[in-house]
There are 2 protein chains.
Amino acid sequence: MSVYTEKNRKTKQLIQKSFMEILESKSFESITIGDITKTAQINRGTFYLHYQDKFDLLDQIEQQLFEDLGQHIDELQSRYSSTQTFEKEQEQLAATLFSFIEIHAPMLKIFLSDHGRAGFHIRFKNAVSTKVRFNLEKNESFTANLKVPMEYFLSFITSAFLGLIEQWVQNGLDKTPQEMTALYIDIILFIKKR
Amino acid sequence: MSVYTEKNRKTKQLIQKSFMEILESKSFESITIGDITKTAQINRGTFYLHYQDKFDLLDQIEQQLFEDLGQHIDELQSRYSSTQTFEKEQEQLAATLFSFIEIHAPMLKIFLSDHGRAGFHIRFKNAVSTKVRFNLEKNESFTANLKVPMEYFLSFITSAFLGLIEQWVQNGLDKTPQEMTALYIDIILFIKKR
DNA sequence: TCAATTTTCAACAGGTTGTTTAGTAGTACG
DNA sequence: CGTACTACTAAACAACCTGTTGAAAATTGA
């Protein structure tokens with residue numbers, strides 16, 4: 001029984017790996033099921049035994065990514081929560097995000113590019129927003145002093161963060177996650193000083 | 001002669017209008033040339049007399065949008081340049097951008113959503129970045145004090161701006177461009193005070 | 001060995017693409 | 001007026017991709 005499950009899992013993984021491979025040189029729009037199964041060296045019909053279509057395939061990869069992201073952040077929260085200042089915690093959150101990005105950089109580079117699927121940056125932003133919102137709302141003085149609607153502030157700050165990520169990934173990860181965190185703090189300080 | 005040119009122009013416009021119309025209820029990926037020509041009530045072959053394919057069609061609409069954006073900003077620059085402080089000028093630039101967005105909101109709402117084409121937000125960001133960079137580099141004290149690479153700062157700030165735009169458009173333009181400018185300033189002030 | 005499961009193979013109808021060829025309607029101009 | 005030009009139409013074409021099917025083959029379990 002579990003050998004069947006294992007075989008099933010391996011084929012799905014093979015399909016995903018081949019798919020991501022092709023995605024580096026071809027846009028999602030122009031990739032056909034035939035392209036994928038040819039690379040994976042499996043029958044075209046086999047693809048349909050595992051996925052409804054190529055949208056379903058991408059959906060599942062995306063969902064896995066967002067789940068991983070959530071878990072990565074939750075782990076941090078439970079470890080360091082309330083053992084340090086609010087500012088330090090924000091910094092820690094930033095560092096966690098950057099290290100997550102580093103791990104998944106090849107995938108993110110594609111998904112954020114024009115080879116990916118429309119709207120990914122929005123879905124990614126929402127996934128991050130949920131976590132950031134939770135973190136910010138823990139601090140009462142923060143929410144009390146915020147004069148603008150939370151949704152606008154969240155969209156502002158997570159997009160800004162995503163901007164750094166995009167530049168970083170586009171530059172081929174020219175910095176370490178620690179350097180990126182420092183860079184992020186430097187920008188905030190620069191804005192404060194002006 | 002000009003009657004031919006005019007007819008040609010009108011057909012292209014009809015195709016573009018029909019295309020944008022369909023794009024509200026169907027994603028770019030799933031739209032066929034047949035969908036477009038059926039809505040426009042023209043022969044399918046006629047489409048190919050004006051565009052290479054649906055990618056070419058979207059490219060031309062996008063390019064027009066970015067040209068308009070550039071012109072909109074350039075106009076502002078030539079009118080108010082150097083007659084006010086750097087900060088006021090930045091504020092003016094923000095206001096100009098928000099008013100441009102308001103005009104093109106229906107199109108932007110689609111292009112930034114999952115009905116659009118992958119990578120649009122990057123291309124849009126680049127178009128805005130070019131203009132913002134020009135504006136920032138005019139101020140020597142600004143560039144002198146900036147410790148982080150300009151590309152990272154630009155990506156950070158234009159993405160943040162794009163985040164506000166996305167939220168605004170998604171909220172169905174619940175504010176005026178003036179209110180959005182004020183909101184933008186409030187966020188900057190909030191970050192400074194903390 | 002026999003049954004269950006996964007994958008393969010070939011074929012199918014239906015749809016989309018981009019091109020072509022021939023024909024129609026309107027316009028320009030000597 | 002008549003000829004040439006232009007935009008568009010209509011229909012057909014091969015090539016390709018889709019998602020599904022039915023039967024067979026290969027792998028694994030008991």
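Per chain, numbering begins at 1; letters A, B, ... match sequence-line order.
In this structure, B:Gln41 and B:Arg44 both approach DNA chain D, and ranking their closest nucleotides by distance from the 5' end singles out B:Gln41. If B:Lys7 and B:Ile31 are placed on DNA chain C by their nearest nucleotide, the residue sitting closer to the 5' end is B:Ile31. Between B:Lys54 and A:Gly45, the residue whose closest nucleotide on DNA chain C is further toward the 5' end is A:Gly45.
In this structure, the CD atom of A:Gln52 is 21 Å from the P atom of D:dC17, given to the nearest Å. Between the C1' atom of C:dT19 and the CZ atom of B:Phe47 lies a distance of 14 Å, rounded to the nearest Å. Atom CG in A:Asp56 sits about 14 Å away from atom C1' in D:dG19, given to the nearest Å. If you take CD of A:Glu6 and C1' of C:dT7, they are 16 Å apart, rounded to a whole angstrom. Taking atom OH on A:Tyr48 and atom P on C:dC9, their separation rounds to 17 Å, with Å as the unit. Rounded to whole angstrom, the span from the CD1 atom of B:Ile42 across to the C1' atom of D:dA7 amounts to 11 Å. A:Lys10 has its NZ atom 21 Å from the P atom of C:dT5, to the nearest Å. Rounded to a whole Å, the CG atom of A:Asn43 is 13 Å from the C1' atom of D:dT20.
As judged by a 4.0 angstrom heavy-atom cut-off over every strand, A:Leu49 is placed among the base-contacting residues.
Relative orientation of the A:Phe161 and A:Tyr184 rings is perpendicular, given thresholds of 30° and 60° on the angle between their planes. Note: A:Phe120 and A:Phe124 have parallel aromatic rings, judged against thresholds of 30 and 60 degrees for the angle between ring planes.
Ion pair A:Arg133/A:Glu151 not flagged as a salt bridge, since none of the NZ, NE, NH1 or NH2 atoms sits closer than 4.0 Å to an Asp/Glu carboxylate oxygen.
Distances were taken from every side-chain heavy atom of B:Tyr4 (C-beta onward) to each of D:dC8, C:dT6, D:dA7; the shortest belongs to D:dA7. Residue A:Asp53 places its side chain closer to D:dG19 than to any other of C:dG18, D:dT6, D:dG19.
No hydrogens or angles were tested; on distance alone, nothing pairs the side chain of B:Tyr51 with the base of C:dG18 as donor and acceptor under 3.5 Å.
Neither OP1 nor OP2 of D:dA7 sits under 4.0 Å from any side-chain N or O of B:His50. A:Thr11 has no side-chain polar atom (N or O) that falls below the 4.0 Å cut-off from OP1 or OP2 of C:dT6.
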Quick one, A:Phe190 with B:Phe156, criterion ring pair (Phe, Tyr, Trp, His ring centres under 6.0 Å). Give me CA distance, side-chain angles, the key distance, then yes/no. CA-CA 12 Å; A:Phe190 178 76; B:Phe156 180 93; over 10 Å; no
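Between the side chains of A:Gln60 and A:His50, not a single donor N or O lies within less than 3.5 Å of an accepting N or O.
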